[in-house]
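The structure appears right after this line, and notes come after that.
For reference, positions follow the sequence shown, starting with 1. Everything numeric in this text was worked out from a predicted model, so none of it was measured.
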Amino acid sequence: MKYGYFDDKKREYVINNPRTPWPWINYLGNEDFFSLISNSAGGYTFYKDAKFRRITRYRYNNVPMDSGGKYFYINDGDCVWSPGWKPCKTELDTYECRHGMNYTNIKGEKNGIIANVLYFVPLKTWAEVQRLTLTNNSKKTKKLKVFSFTEWCLWNAASDMENFQRNFSTGEVEIEGSVIYHKTEYKERRDHYAYYSVNVPVQGYDTDRESFFGLYNGFDEPQVVAEGKPGNTVAHGWSPIASHYIEVELKPGESKDFIFILGYVENKQDEKWESKNIINKKKAKETIARFNSVSKVDAALADLRNYWDNLLSIYTVDSGDEKVDRMVNIWNQYQCMITFCFSRSASFFESGIGRGMGFRDSNQDLTGFVHQIPERARERIIDIASTQFPDGGCYHQYQPLNKRGNNDIGGGFNDDPLWLILGTVSYIKETGDFGILDEKVPFDNDISVARSLFDHLTVSFDHVVNNLGPHGLPLIGRADWNDCLNLNCFSNDPNESFQTTENKTEGSKAESVMIAGLFVVYGRDYIDLCKKLGKNKEAERAQKLVDTMVDVIKKYGWDGEWFIRAYDYYGHKIGSNENEESKIFIESQGWCTMAGIGKEEGLCTKALNAVKERLDSKYGIVLNNPAFTKYYIEYGEISSYPAGYKENAGVFCHNNPWIMIGETVVGNGNRAWEYYKKICPSYLEDISELHKTEPYVYAQMVAGKDAFKPGEAKNSWLTGTASWNFYAVTQFMLGIRPEYDGLLIDPCIPTDWKGFKAVRKFRGAVYEIEVVNPYGKSKGIKEVVIDGQKYGSNLIPVYKSGTIHKVKIVIG
Ligand code: BGC
Ligand code: NOJ
């Protein structure tokens, strides 16, 4: 069953049934000021950091689902309704939600009135614009009472949810004309406030939550809305909200626009006040003035559209399959931008409180984003590297507001450092900017111990080398990429975090074959980089260490039919045929085949066949098999999940592309694409009632074959799945891959594809690529023609900026 459809021309997903199986959301803003918005206008807003600077309140995990948002209530005499169906849930005559690139348009119609709300955050603006257009489609003049609504959060989203004895006494607002200002804590330790305005005179307002709703009513039935009369209340303590009251008269056929601005302001210490206790509103008024007419809003929206036109023109494909094209050209790239902005902090599954920017996550997210805005990727790389320690270890996360490492979680995840090599190399290959390696980057944000970014890569590489276990494989530390494989945790206490507890580390023999594979892949990247820079001695040193690791993997990491996953604290195998449960894991098959370890001896093909046989399922490749069915104290969180969920044998979509890439290494295009289609959301649109999450973005997890309901997805949006799928499909399957000295074109496609066309902008030039497949092969280059001339290599050179080049590739 479907709940909408793709409108590819407009780059929108159009939802025409408000009862989606889960709130289907979108993100507004792409730099500093952000909002999450669902298809029924649920969601919230924050500035940079969803924990420390939450602007509006939202109620996670509530009944009903998706409570709190940017609501409009329309009282049309005896009927009260909302354009997004929720919160009133009055049956609408028509409903439509269009989620586009950083904007959402929600339209509802009831009794001849159409209410259309456009929500977006204009570029370079610390505010969300809401344009409400009311149209009278009936034959009578209509008199409407319109109420806006948003609820202020007391800034720190964590303390906002506790310490009520204080919170109920701190709220403060100011009301001036049609603008409601939220200034809680502004007079002491904060230099920021928020505001909510409308561009017409209001006939009333409310800022006190309980007066607006009535103590025993929900969002669906505010008392003042039902009564059609605002309370003109001033919040003083308790819970501040902002609601404008506007009386609107519409003649038949008449339409009126109202522009609401929800914004955020920071003032310098000596510019905080206009007069005693009256806040300085200058900046708020400036922003309000920038968007106070329909034409200004239209222009700002056009700017946003142009911005996305540009971003999405860098890589486009015409594959002949609209489901592939809409993901590659639109939604997958969009999701990559979102994961770049938010890491794993704020979605409808991530509360915005628990996590900041992940070290490993952000480096991986970069790879799917770097072609869009390389300068921002550059800044991010420096920020991430600044949270590294001198020994190469690093903070697992940092807070976006202050860019400091997060002490609550600390470090000790031994895969983390290697991802910095991936992030940096992806950036340099895209841009050719080797200069980034000379940037002086602090350790643990301490500028007095800054060293070049290149040195950070060296300590990243060496962190693995300096932390090897008894077999010569990398010690796992707290965990590797699979942060639920907690081999030194040994927790019996439900109040301990699996993520941060290490009850046993002394003398631990816990080693990771996945980190070993990762080390081979990114170690080689490091070697290539050294060679490029003429650091041949260092390249030689690193080469020896990587070669040794390859040997160690073949010796201690191979189980006969597949790669084992790890050794536990005691030195026992994990992910081996010897194990009773979870005999095979996906991660080591992915990394060791991507590294081509034992390719000549047939190990890669064997491992990939084992994946096909044991891990593949109708809805994608599961993480491990058979699932754990009891708690293994020596394995940790992974065995805490019910069989088939999350890291315990769920289809953990993030690592499916590792296998797809592995398949391209052995040239099996049919299988790579078969796997791609299984988890690609646009292919799952028809089973939305089962899949549940948005058909336009990847989810972290789909319930695996051992689950109660296989195929049900969870945790959409903020997942490394976005960048890894984009990386796999664009660079390895369509095979258009940036290298230091050009664009490598090496497709691996299904044998029944006749070819495809793509346009890639790279270092300023435009490559118009045509791939043809006359012999029904998957991989291999028979002929390369550039601008009508035969060319001896499929590494297409870097050209002068602004030039267009036609590249034809014959597979064979
Ligand atoms: C989840 C992981 C996640 C980790 C980090 C675990 O509970 O299963 O997917 O990465 O928490 O917070
Ligand atoms: C989600 C986390 O964000 C990521 O860092 C981790 O690698 C995966 N879960 C797998 O556990």
* Residues that Phe443 engages under ring-ring contact (aromatic ring centres under 6.0 Å, His included), provided they are two or more places apart -> His456

* Are the side chains of Gln372 and Gln333 in touch, meaning some heavy atoms are under 4.5 Å apart? -> yes

* **Phe46 ring center within less than 6.0 Å of Phe342 ring center** => yes

* Asked: What are the two closest non-hydrogen atoms of Ser343 and Ser362, and how far apart are they?
  -> OG-OG, 3.8 Å

* Is the backbone of Glu561 close enough, under 3.5 Å, to the side chain of Asp559 for a donor and an acceptor to pair up by distance? -> no

* Measure from NZ or CZ of Arg376 to the centre of the six-membered ring of Phe340 and say whether it is under 6.0 Å with the direction within 45° of the ring axis. => no

* Asked: Tell me, do Leu418 and Ile421 make a side-chain contact under 4.5 Å, heavy atoms counted?
  -> yes

* Matching residue for Phe348 among Trp717, Tyr44, Tyr27, Tyr58 - test: ring pair (Phe, Tyr, Trp, His ring centres under 6.0 Å) -> Tyr58

* Asked: So, Asn624 side chain and Ile584 main chain: donor-acceptor pair closer than 3.5 Å or not?
  -> no

* To do: Keeping the roles fixed (side chain from Thr458, backbone from Phe454), state whether a donor-acceptor pair exists under 3.5 Å.
  => yes

* Look at the side chain of Asp416 and the backbone N and O of Phe359, then say whether any donor-acceptor pair between them is shorter than 3.5 Å. => no

* Check: Pro374 main-chain N/O paired with Arg378 side-chain donor or acceptor under 3.5 Å -> no

* Using atom types as modelled and distance alone, determine if a side-chain donor or acceptor of Ser639 lies under 3.5 Å from a backbone N or O of Tyr635. => no

* To do: Determine yes or no for a side-chain-to-main-chain donor-acceptor pair under 3.5 angstrom, with Ser723 supplying the side chain and Gln364 the backbone.
  => yes

* To do: Starting from the C-alpha separation in whole Å, work towards a yes-or-no answer on ring pair (Phe, Tyr, Trp, His ring centres under 6.0 Å) for Tyr522 and Phe461.
  => CA-CA 8 Å; Tyr522 297 128; Phe461 179 85; over 10 Å; no

* Do the ring centers of Phe652 and Trp658 come within less than 6.0 Å of each other? -> no

Can you give me every donor-acceptor pair (side chain of residues 506-516, partner residue at least two apart or in another chain, under 3.5 Å) with its distance?
residue: Ser508; atom: OG; partner: Asn488; partner atom: OD1; Å: 2.6
residue: Ser508; atom: OG; partner: Ala510; partner atom: N; Å: 3.0
residue: Glu511; atom: OE1; partner: His471; partner atom: ND1; Å: 2.5
residue: Glu511; atom: OE2; partner: His471; partner atom: N; Å: 2.8
residue: Glu511; atom: OE2; partner: Leu473; partner atom: N; Å: 3.3
residue: Ser512; atom: OG; partner: Asp480; partner atom: OD2; Å: 2.7
residue: Ser512; atom: OG; partner: Met514; partner atom: N; Å: 3.2
residue: Ser512; atom: OG; partner: Ile515; partner atom: N; Å: 2.8

* Asked: Would you say the side chain of Glu581 lies within less than 4.5 Å of the side chain of Thr629, judging by non-hydrogen atoms?
  -> yes

Mind listing the side-chain donor-acceptor pairs of residues 589-598 below 3.5 Å, one per line with the distance, residues two or more places apart or on another chain?
residue: Gln589; atom: OE1; partner: Phe563; partner atom: N; Å: 2.9
residue: Gln589; atom: NE2; partner: Phe563; partner atom: O; Å: 2.7
residue: Gln589; atom: NE2; partner: Phe585; partner atom: O; Å: 3.0
residue: Thr593; atom: OG1; partner: Gln589; partner atom: O; Å: 2.6
residue: Thr593; atom: OG1; partner: Gly590; partner atom: O; Å: 3.1

* Only one of Gln731, His371, Glu739 passes side chain to side chain donor-acceptor pair (under 3.5 Å) with Lys429; say which it is. => Glu739

* Is the distance between the ring centroids of Tyr632 and Phe628 less than 6.0 Å? -> yes

* With a 4.5 Å heavy-atom cut-off, do Tyr698 and Leu718 have their side chains touching? -> no

* Quick one: are Asn482 and Ile638 in side-chain contact, heavy atoms under 4.5 Å? -> yes

* May I ask you to check if Lys403 and Tyr398 form a cation-pi contact, with NZ or CZ under 6.0 angstrom from the six-membered ring centre and within 45° of the axis? => no

* To do: Would you check if Val611 and Ile621 make a side-chain contact, meaning some heavy-atom pair closer than 4.5 Å?
  => yes

* Looking only at atom types and distance, does a side-chain atom of Ser345 sit under 3.5 Å from a main-chain N or O of Gly356, one as donor and one as acceptor? -> no

* Lys/Arg N to Asp/Glu carboxylate O, Arg541 vs Asp462, below 4.0 Å -> yes

* Is there a side-chain contact between Tyr567 and His572 (heavy atoms, below 4.5 Å)? -> no

* Asked: Under 4.5 Å between any side-chain heavy atoms of Val459 and Phe389, yes or no?
  -> no

* Asked: Using the benzene-type ring in the case of Trp, are the ring centres of Tyr47 and Phe33 under 6.0 Å apart?
  -> no

* Report the C-alpha separation of Glu350 and Arg344 in whole Å, then their side-chain angles, then the decisive distance to 0.1 Å, and conclude whether the salt bridge (Lys or Arg N to Asp or Glu O under 4.0 Å) test is met. => CA-CA 7 Å; Glu350 297 279 9; Arg344 308 294 170 267; over 6 Å; no

* Asked: Between Ser460 and Gln388, does any side-chain donor sit less than 3.5 Å from a side-chain acceptor?
  -> yes

* Asked: Which of parallel (below 30°), tilted (30 to 60°) and perpendicular (above 60°) describes Phe732 and Tyr727?
  -> perpendicular

* Do you see a donor-acceptor pair shorter than 3.5 Å between the side chains of Asp547 and Gln543? -> yes

* For the side chain of Asn579 and the backbone of Ser576, is there at least one donor-acceptor N/O pair under 3.5 Å apart? -> yes

* Asked: Does a donor on one side chain sit under 3.5 Å from an acceptor on the other, for Glu439 and Ser452?
  -> no

* Just by distance, do the side chain of Asp49 and the backbone of Leu401 share a donor-acceptor pair under 3.5 Å? -> yes

* Run the salt-bridge test on Asp568 and Lys573 with the 4.0 Å N-O cut-off and return the result as yes or no. => no

* Are His396 and Phe413 near enough that their ring centres are under 6.0 Å apart? -> yes

